[in-house]
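Keep in mind that the numbers below use all heavy atoms, side chains included, and drop hydrogens, waters and symmetry copies.
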Amino acid sequence: MGSESTPLLLNPQSGPLPWDPKRSRIAGGVILLTLTLERLAFYALVTNLFVYLIKGTPNYSSWGATEAMTAVLVLVGWSYFSALIGGWLSDALLGRFWTIFIGFVSYIFGFALLTALSKHSLSFIGCNLSEFNDTPTPCVVHVYVIVFIVGLGVGIVKANIPPFGAEQVRHGGPESMRKFFNWYYWCINVGSVIGVGALSFVEQELSNGFFWAFLSATICLFIALVCFCLARPYYLIHRPTGSLLTNIVRIIFEGIAGRFRQRRSIQSSPIFAFPRQRRSRTQPRASPSWLDYAKIRYGGSHHDSAVEDVKRLGAIVILFTCLLPYWLVFFQIETGFQAQGVHLNVDIVKNNSFRIPTSWLTLFDQAFILALIPIMNTVIYPALDGYGIRITLLARIAIGMGFSVAAGSSAGLLEYFSLRRWAAGHQVVQTIGNSTYNASDISLLWQVPQYCLVGTAEVFAGVAGLEFSYSAAPRSLQGVVMGLFSAMEGVGSFLGTALVSALAPVWIHDDTTHFTGHLDYYFFLLAGLQGFTLILFSAWLAAQSVMSTRKVDGRSEDEDEGHVTENSDNASVDTGQAESLESR
């Protein structure tokens with residue numbers, strides 16, 4: 001394995017030592033610990049940034065609900081979209097270890113600036129929050145600079161932690177891979193539970209809470225970086241293989257040019273035939289796709305394997321695009337659900353000083369995930385397998401989309417009844433932190449179902465999408481594909497930003513005029529988009545199933561009659577890959 005190195009675990013006479021289960025467990029465990037601390041910091045910020053911007057100090061009145069939601073969506077969108085940069089850096093230049101290191105450095109620097117901002121310590125660069133009323137928004141630029149720096153670090157780390165961890169355990173076989181991804185998703189939610197549960201309480205209930213919470217998160221990130229670096233002797237490290245994005249672009253352009261040349265040849269010569277192409281007696285030979293014209297056999301300059309990798313990448317991109325409405329609903333945890341929550345009654349018991357932090361409702365999302373994943377893996381899936389029922393990755397994604405539709409619909413119904421209760425005079429005036437909100441008398445706990453439905457959708461669509469990204473990606477493009485998976489999440493967040501900006505004047509109003517808007521229409525719109533996509537996705541799955549069946553039947557007939565064309569081997573490989581992806 002010339003592209004791999006294992007620091008300090010070398011045999012002077014024979015090179016790298018064989019795969020060591022103990023080394024693999026240590027490396028994987030440290031990576032999961034690093035992930036837990038990183039997710040703790042991320043969720044402590046993203047689930048409370050909305051509240052921080054609208055009530056961090058008494059002078060934060062210039063940040064309305066729309067502006068705060070936009071800032072959160074930009075942070076989330078950029079943090080996911082920048083994963084493409086992280087994937088390219090690791091694959092082409094630095095390798096995963098050093099790319100993750102650089103990502104953590106950016107991450108920590110951004111959180112340090114955020115901590116200083118929350119303590120009003122940035123007056124030396126023109127941002128003094130105590131003078132917020134004198135100038136309308138003197139810290140907007142500073143906030144977005146911090147969002148850019150933090151988001152860049154998040155994206156770089158997010159794109160490389162999953163494949164780097166999988167590389168440490170993949171030699172242990174499919175069982176090791178499955179265990180790693182299960183534990184991976186568990187650690188994400190453990191970090192989220194701590195970040196949301198403990199640090200959200202600190203941020204919203206204690207004096208200078210945001211400063212202490214952000215400082216704690218910064219320390220956690222520093223500890224994560226130290227642990228990650230100390231375990232370097234145990235890592236299996238792949239060297240970068242060079243820039244593959246350039247090669248992908250060349251294949252696409254050669255395919256387009258070849259297809260154009262072929263059409264011109266057909267027009268000029270009616271008897272044109274593909275080179276060395278024969279037809280089977282039983283059925284006509286399928287024409288090559290437009291990407292096939294980048295292959296050497298059709299006049300291109302690339303080997304078949306490189307072109308087939310790009311084909312697989314195209315199918316993966318189609319799937320990621322279908323997930324965009326799912327991400328629109330998912331990101332409501334940090335935005336729309338938060339905006340809805342502050343206008344519901346946060347008192348559990350009347351005349352009690354304890355108020356529920358609105359971000360605590362996200363704990364139901366994590367709790368559902370932590371409980372449901374082991375149940376599905378140890379009870380539901382084995383039971384279905386025993387009855388011969390196989391739920392593929394793509395089917396799990398479709399099921400997750402269905403739960404996403406239910407989550408958006410549930411939020412819309414709750415908002416609809418909240419608006420009606422307010423209009424009927426069932427009103428509450430409540431103080432959360434330093435801000436006063438008008439609210440209906442419906443309890444905040446009625447948001448629990450929509451959070452649980454989002455968590456259930458994540459167990460199906462989120463986990464299956466992540467596993468599909470790694471398993472379906474060609475080995476040479478795993479970093480790019482994982483970055484692309486996160487980037488599509490970012491695209492979903494940016495689409496959410498555009499949607500909020502477009503609908504804000506009509507449906508989404510600021511806190512003081514919240515009940516004159518129609519946030520319920522916004523949630524119903526998201527549910528409708530997800531439902532429409534689910535229908536299209538289900539139709540695509542059905543079409544793919546029919547095509548796979550026809551391919552298998554056609555191949556069997558050719559083999560039985562002995563009329564296998566020269567490309568039958570490649571067709572078998574393609575069919576096998578499709579069946580393998582579906583079986584996963």
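- Taken from CG in L215 to CG in L114, the straight-line distance is 11.0 Å, to the nearest 0.5 Å.
- Counting heavy atoms from C-beta on, the side chains of T321 and L324 come closer than 4.5 Å.
- A donor-acceptor contact shorter than 3.5 Å links the side chain of S82 to the backbone of G151.
- From T115, atom OG1 reaches atom CD1 of I108 across 11.0 Å, with rounding to the nearest 0.5 Å.
- Distance OG/S410 to OH/Y451: 11.0 Å, rounded to 0.5 Å.
- Looking at N438 and W422, their side chains come closer than 4.5 Å, going by heavy atoms from C-beta outward.
- Residues I380 and L384 form a side-chain contact, since some pair of their non-hydrogen atoms from C-beta on lies under 4.5 Å apart.
- Side chain of T36 to main chain of G191: no donor-acceptor pair is present (N/O by atom type, distance under 3.5 Å, no hydrogens or angles).
- Between F337 and F523, the distance separating the two ring centers is shorter than 6.0 angstrom.
- Proximity of F515 to S418: side-chain heavy atoms (C-beta onward) are separated by under 4.5 Å at one or more points.
- Taken from NE2 in H426 to CG in N345, the straight-line distance is 13.0 Å, to the nearest 0.5 Å.
- For S79 (side chain) and V76 (main-chain N/O), a donor-acceptor pair under 3.5 Å exists by modelled atom type.
- Using a 4.5 Å heavy-atom threshold, the side chains of T34 and I100 count as separate.
- T99 places none of its side-chain heavy atoms less than 4.5 Å from the side chain of F164.
- The shortest side-chain heavy-atom distance between V154 and R39 falls under the 4.5 Å cut-off.
- The CD1 atom of I397 lies 11.5 Å from the OG atom of S538; values are rounded to the nearest 0.5 Å.
- Under the 3.5 Å distance criterion, the side-chain polar atoms of E458 are left unmatched by any main-chain donor or acceptor of I369.
- Q332 and Y522 are linked by a side-chain donor-acceptor pair at a separation below 3.5 angstrom, with hydrogens and angles left out of the test.
- You'll find the side chain of L525 reaches within 4.5 Å of the side chain of W507, heavy atoms only.
- Considering CG of L344 and CG of L414, their distance stands at 5.5 Å, rounded to 0.5 Å.
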